[in-house]
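Step one of this worksheet: look at the structure below.
A note on names: the letters A, B, ... follow the listed sequences, proteins ahead of strands, and every chain is numbered from 1. Predicted model only: the values in this text are computed from it and were never measured.
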Amino acid sequence: MSSQENTTGSPVEETSERSNFIRDIIIEDIRTGRHDGRVQTRFPPEPNGYLHIGHAKAICLDFGLAAEFGGKCNLRFDDTNPSKEETEYVDAIQEDVAWLGFKWDGLFYASDYFQQLYDWAVQLIKDGKAFVCDLTADEIREYRGTLTEPGKESPYRSRSIEENLDLFARMKNGEFPDGSRTLRAKIDMSSPNLNFRDPVMYRILHMEHHRTGDSWCIYPMYDYAHGQSDSIEGVTHSICTLEFDNNRPLYNWFIEQLGIFPSQQYEFDRLSVTYTLLSKRKLLKLVQDGHVTGWDDPRMPTISGMRRRGYTSEAIRNFCANIGVSKTNGVTQIAHLEYFLREDLNRHAWRVSAVLNPLRVVIENYPDDLVEEMEAINNPEDAGAGTRMVPFSKILYIEQEDFREDPPKQFYRLAPGREVRLRYGYLITCREAIKDETGRIVELRCTYDPETRGGNTPDGRKVKSTIHWVSAAHAVDAEVRLYETLFTKEDPNEVEDGQDFTANLNPDSLKVLSGCKVEPGLREAVPGTRYQFERMGYFCVDRESVPGQPVFNRTITLKDTWAKIEQKIR
RNA sequence: UGGGGAGUCGCCAAGUGGUAAGGCAGCGGCCUUUGGAGCCGCCAUUCGCAGGUUCGAAUCCUGCCUCCCCAGCCA
């Protein structure tokens, strides 16, 4: 399409894309010709942890908006604090953004701009807008005042430009110890916006930086680095979360004092999800204290954890697109996320048979050595997925929960004397339940109807239930990891006095099942592959899986109407 | 008690003076060789509260209430 009006004459705002207030602003800016209609965003993570589902929302916004309006979106690491940042995180973040399906235009680091930022600081000193302060951290806090009382000016605020220049150069040259001095902007100690009370621009930190090594021992603060970084790159719409609202005036102040490209910041609501923590600090603690196995533990809300769990990037993107963007501080229910997961998995995951808690079934009237190959559909949602053959024989495993010796009214799976369909197999009738000395049911004796091969009923009779099974002689043993929410409370931060969020950790968040029986085709299941275990849920082959000993992570259960009924009748 | 942001169905969220979209969840029903999927239907006389302006207000005005953010040499 040409860059002129499109053929239908419909303005850009009439696309079917669901809008939001930031998208509306961009559309308006394009309409009025702001920046000649150029749109540029950026995703600016600090490499101090792994990306999580909250970042996914920001990523979808930043990259999505740029793509929609033919603009650019850079990936820029906000690496101004070497005490927290590591290359492991830099690498993981790039992998996760790419996996989510986005391509950055430029790959930059705030540290790329350290020299420019330094030069600008010198300029501000020369303009009398910044000064070197010898106050200690504690003193700075005292001088800052409170929410209701104005602050006091630092006694070093009136140093001469020459002295400031000299001191700042010496700070840079490493002549002073950590914490002994700062460079501060000279703004207004009585401002109701605390960010304006002579904010610190530079601190001394003799510390190895992951990219610049030891070439710097002074590092810029967020407020002094972010807006200028945006400006240097030509970012037109700098999108961030609501808590930076208070920083916007300062973001603008530096840009105005420096007279550089006027990037503009817009704030949207941060994502919160029930039963989930989205704070890098707290996620780091979970990792460091061993509450999870790592940043990619399938219980973590990190992109890498969700990927390992079996989430698809499309499900995450659909979720982000659906929840919308506003300025309301809300909490999205995890069921909302799970809906999009199931929706995508249902369309794409191939069906297989897997018995998690096996119960042996012997079909008494089935020939001892006969093995029949039954045709099974790979994905009823996708005709192109085709079919596969699965072996059927005299001895099978079915799910323990699919048999009840004394079934409640609405239970219509297997029970003594009752007939059910074995999916793609035969109709079988339970004749007897065999128990061990302790009374536990260890085997079912059943008979089958030879006329019902494939599960068909030539006489047209109906059975209430179809259950899944695996041929005992052909089954492959597997390990299956079942996950529940990591926390027992909707709000993991809701704790008694003296406790922290770890008090709400769910002791049942991981349950490992061994000796599960899966169909033979899964013997060499490839890590990362997602399946639907029919009637049980969606599962993803774990990276620790090896040929012959497959390991599966339960991504999510199927919706379970029976479980709901059972809860009610209890 | 300073400043900033926000309050529309259980949750998310449209709406910007003309008489409350949509999604999730929930509840019925249909269909079904996954109690899955799919399909159909129900689900805010009311928009934090109280006044006011107007023929008409979730949308405008006034006052009040509640929640979130800011006192890191974190981002």
Counting only distance, no hydrogens or angles, is the base of B:rG35 paired donor-acceptor with the side chain of A:R413 under 3.5 Å? yes

Any N or O donor-acceptor pair linking the side chain of A:Y412 to the base of B:rG35 at under 3.5 Å? yes

Relative to the 5' end of RNA chain B, which residue comes earlier, A:D134 or A:D24, by the nucleotide with the nearest heavy atom?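 Going by which nucleotide is closer to the 5' end, it is A:D24.
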
Taking for each residue the nucleotide of RNA chain B with the nearest heavy atom, is it A:N20 or A:D79 whose nucleotide lies nearer the 5' end?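 That would be A:N20.
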
Using OP1 and OP2 only, check whether a side-chain N or O of [X] sits under 4.0 Å from [N].
X      : N      : answer
A:K559 : B:rA37 : yes
A:R270 : B:rC69 : no
A:R144 : B:rC73 : yes

A:Y222 on top of B:rA75's base, within under 5.5 Å and under 30°?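 It does not: the two rings, one from A:Y222 and one from B:rA75, miss the stacking criterion.
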
Contact class for A:Q410 vs. all strands (heavy atom < 4.0 Å): base, sugar-phosphate, or nothing? base

Within the 4.0 Å heavy-atom criterion, would you say A:T274 contacts the bases, only the backbone, or no part of the nucleic acid?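 Since no nucleic acid heavy atom lies under 4.0 Å of A:T274, the category is nothing.
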
Going 5' to 3' along nucleotides 4-13 of chain B, which nucleotides have protein heavy atoms under 4.0 Å from the base (write B), which only from the sugar-phosphate (write S), and which from neither (write -)? SSS---BSSS

Of the listed nucleotides (B:rG35, B:rA71, B:rU34), which one gets closest to any side-chain atom of A:P380?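 Ranking B:rG35, B:rA71, B:rU34 by closest atom to the A:P380 side chain puts B:rU34 first.
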
Using the side chain to side chain contact (heavy atoms under 4.5 Å, CB included) rule, pick out the option among A:F131, A:Y118, A:F168 that qualifies with A:L183. A:F168

Going by the angle between their ring planes, with limits at 30° and 60°, are A:F114 and A:W216 parallel, tilted or perpendicular? perpendicular

Specify the residues of residues 182-199 of chain A, ordered by number, for which at least one heavy atom lies under 4.0 angstrom from an atom of RNA chain B. A:T182, A:P192, A:L194

